Engineer: 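The structure that follows is given in the form of structure tokens.
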Amino acid sequence: MNRTKIALFLFIFVSIACTVAQIVVSTAFATDGIAYGTLQTQADQLDRENIELKEHIYTLSSLTAIAQRATTMGFAFDKKANLTITAPLPFAMRQ
Amino acid sequence: MKWRYTLTFFILLTCFFAIDMKLFQWQIIQAEELASLGRQQSAANVEIQPKRGDIIASDGFPIVTNKLTYLVFANPKEILQKDELSHTLADVLKIDVASVSAELALDKFWVPIKSNVSSSVKDQIDAMKLPGVGFEEAPTRFYPEASMAAQLVGFVGKDEQGQSKGYFGLEGYYDRQLHGRVGEATVIHDAFGRPVLAKLTENSGQQDGRNLVLHTDRVIQYLVEQRLKAGIDAYGAKSGTAIVMDPKTGGILAMASFPSFDQATFWQYDGSLYVNPAVTDTYEPGSTFKPLVMSAALDLGLITPTTTCPICDKPVQVGDYAIHTWDDKYFPNTNMIDILQHSDNTGMVYVGQKLGLDRMISSLEKFGVGQTTGIDLQGEVAPEMRPRNSWYPIDLATASYGQGITVTPMELIDAFASIANGGKRMEPHVVAEINTPDGQKIPIAPKVLDQAISEQTAKVMTEMLVNTVNKGEASFARLKGYRIAGKTGTASIAKDGHYDTQHTIASFEGFAPADNPKFVALVILNEPEVSIYGSETAAPIFFDIAQGILTYYGIAPTEGE
């Protein structure tokens, strides 16, 4: 009878210990998962912001944008004539 | 009493047997099937798309990079008030209400509403918390300099499988390097769909694309595009091309053609605009070819700069054909320096005849005529020279002044650049360096393709070309104070079996400073209306570009007027 009680006690003890261990391990996994998920979301968000900021910087510092800004500020390209006809140029001779 | 023990024993034995049988079925017979089912419930295989590499100008500024855009989609089965939602989405996305309504009316779980949506618009829709509306991230190419160098760069489209793929230009030529490698990872999640730390991207095999660092200088490219476009408009040309190259390395500093297209909305343009005329268009170069033939004859010692031409006093008769000068002016006993200066066709026929067919062909081959240059751009062509046995005397005569022989602009500038580089012909390259995602830099070393002419001949030829710029037809446009070597070209266009003298390809090629060239450039205008001559159209554009580059490089004038 005594041996039966001991066996029953051991059985219950092992069962409870295993259950507790399972709860601890699975909770740890779940917590890691949630923490990981949060970090992943934050990293993705920062990546997105980084890409958007880069896009903004590139747009503002492009030559096209600078040239447009220069025009609005009153700067202009040299308007000198490209074509100067002086004798005895072939174009003049053909007239 | 004993029978009870026996009965209990058999009941337990039967239960154990039944459990064993079921376990055997699950773990042995249905093992694969159940494992797969389990994986489907708790894990998912995801493709990890690589980030496409950037294309970076020589100053480190990306002319092509990536930006985040979104695809807005909807699940019509989750949407109850479709009319209201259609109006809301159409209003925010600035699209037609009918097209949104049509999509939402479909009996599907997923319908696309609009692609290429910016993050600000996405945030706006997000804030509305619309039921059944979602977003997919879709990185797209971003061009900070808008359509700059469109034909040089190419664009990214989709292949037959719907995967992104580079087409034309650098995107096409370096597609594999830029694309990178797609990876695959298994993501494990719990019953609520939350990710569990497990196999993630570490061993997925995914690799981002490599960045390309170009020889192309953003400032020179901008300058060339502005000047060329203005020139095409001013001279009423149908189209135009300009190339600027570093003669010492073969690096392409700028390359532009108009009309062009916008890479970001390439589908709105005619497909013929996608190709790069600098490497795909063939044309008869006219007088810009003369320096090559003259150099060959000088190099072989058949003539010297002071050799006089005994047949230059009148049109030259070759078989049934009479060859005239471009202005029908003739200079008896003119020397080789003056022949280039006056761009005298009869003088070049004399030089061609001195060379003879075999020497002409082998010299032109050394200049790379009839061969692709090997430039790292998709679609380069090279019109082959006619077979040796099908050259007639008239072909030799016309080839000596650049008619009856075809080249691409790239082929011509590469050949001409060898005069600026001590006779060495370089392999042209747009990309200077490839940068891998792990920080490795792979430089592309300059490559000498051939010694087209001797260094001495190159020096003599340079002096003759400086004289041509200072005293030739385009001298009115030259830059005062700088020694620039160059040559004009006015090529008649072959139409219906004869040359149309009123429709020409006007061009100018040159390099500066002549004594230590920093760049060589070629400007081509197709059928200019204001004047048919290269000296009056292409040359002013060339000198405009040269002025900008010399100022940009901080090179001061070395001579007085």
Side-chain angles (χ1 to χ4, degrees), chain A residues 22-23 25-71 75-95, chain B residues 51 57 61-63 65-68 118-120 122 137 139 142-148 188-198 200 218-219 221-223 225-227 230-231 234-235 326-329 473-477 490 530-533 535-537 539-541 543-544 547-548:
Chain A
Q22 193 198 359
I23 289 167
V25 169
S26 55
T27 307
F29 264 126
T31 315
D32 281 353
I34 293 167
Y36 170 75
T38 312
L39 285 172
Q40 190 76 26
T41 310
Q42 284 177 352
D44 289 347
Q45 180 62 26
L46 288 171
D47 270 350
R48 269 196 291 275
E49 282 176 18
N50 202 15
I51 293 171
E52 283 165 17
L53 282 171
K54 266 191 196 167
E55 185 189 330
H56 196 55
I57 290 166
Y58 292 150
T59 306
L60 289 177
S61 55
S62 72
L63 291 177
T64 321
I66 293 168
Q68 275 172 2
R69 182 103 177 101
T71 310
F75 291 94
F77 275 118
D78 184 8
K79 292 276 195 292
K80 78 178 170 74
N82 278 330
L83 183 64
T84 313
I85 298 176
T86 51
L89 283 168
F91 181 75
M93 286 170 61
R94 290 196 305 115
Q95 301 306 303
Chain B
K51 173 181 160 285
F61 188 90
I63 53 172
T65 181
N66 302 297
K67 71 172 177 179
L68 265 188
S118 70
S119 53
S120 59
K122 183 233 173 200
E137 264 185 26
F142 171 51
Y143 306 93
E145 293 289 0
S147 61
M148 178 190 273
I188 309 244
H189 53 78
D190 63 15
F192 297 102
R194 293 178 302 219
V196 173
L197 269 179
L200 283 163
R218 193 166 56 115
V219 175
Q221 180 71 30
Y222 183 80
L223 185 90
E225 289 191 4
Q226 295 295 315
R227 303 292 200 266
Y235 302 120
W326 63 273
D327 55 356
D328 243 349
K329 276 184 158 187
E473 310 305 333
S475 60
F476 72 96
T490 304
V530 173
S531 163
I532 60 168
Y533 296 105
S535 58
E536 295 174 351
T537 53
I541 299 173
F543 288 112
D544 225 6
Q547 186 183 35

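Letters go in sequence order (proteins before strands), and every chain restarts at 1. Keep in mind that what you see is a predicted model, and the values were worked out from it rather than measured.
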Engineer: With a cut-off of 6.0 Å (strictly less than), are more than 12 heavy atoms of other residues, nucleotides or ligands near CD of A:Gln45?
Structural biologist: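 Yes, the 6.0 Å shell around CD holds more than 12 heavy atoms from other groups.
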Engineer: Would you indicate whether A:Arg48, at its atom CZ, is surrounded by more than 12 heavy atoms from other residues, nucleotides or ligands within a distance under 6.0 Å?
Structural biologist: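 For A:Arg48, atom CZ is crowded (more than 12 foreign heavy atoms under 6.0 Å).
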Engineer: To the nearest 0.5 Å, what is the distance between CD (B:Glu145) and CD1 (A:Ile66)?
Structural biologist: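 One finds 7.5 Å between CD of B:Glu145 and CD1 of A:Ile66.
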Engineer: Using 0.5 Å steps for rounding, measure from the OG atom of B:Ser118 to the CD atom of A:Glu55.
Structural biologist: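 It comes to 8.5 Å.
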Engineer: Does any non-hydrogen side-chain atom of A:Ser62 lie less than 4.5 Å from one of B:Tyr143?
Structural biologist: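 B:Tyr143 vs A:Ser62: side chains apart.
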Engineer: Between chain B and each of A:Leu63, A:Thr59, A:Leu60, count heavy-atom pairs under 4.5 Å; write down the option with the most.
Structural biologist: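 Of the candidates given, the most pairs with chain B belong to A:Leu63.
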Engineer: Which heavy atom of A:Tyr58 sits nearest a heavy atom of B:Phe61, and at what distance?
Structural biologist: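 Closest pair (atom of A:Tyr58, atom of B:Phe61, distance): O-CZ, 3.5 Å.
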Engineer: What part of A:Ile51 is in contact with chain B, defined as an atom under 4.5 angstrom from a non-hydrogen atom: side chain, backbone, both or neither?
Structural biologist: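 Contact with chain B is through the side chain of A:Ile51 alone.
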Engineer: Heavy-atom cut-off 4.5 Å, strictly under: side chain, backbone, both or neither for A:Glu52 against chain B?
Structural biologist: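 Contact with chain B is through the side chain of A:Glu52 alone.
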Engineer: Just verifying a value: how many Å separate A:Lys54 NZ and B:Leu68 CG, rounded to the nearest 0.5 Å?
Structural biologist: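 So the NZ of A:Lys54 and the CG of B:Leu68 are separated by 11.0 Å.
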Engineer: Please classify the contact of A:Ser26 with chain B as side chain, backbone, both or neither, using a heavy-atom distance under 4.5 Å.
Structural biologist: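 Contact with chain B is absent: no heavy atom of A:Ser26 under 4.5 Å.
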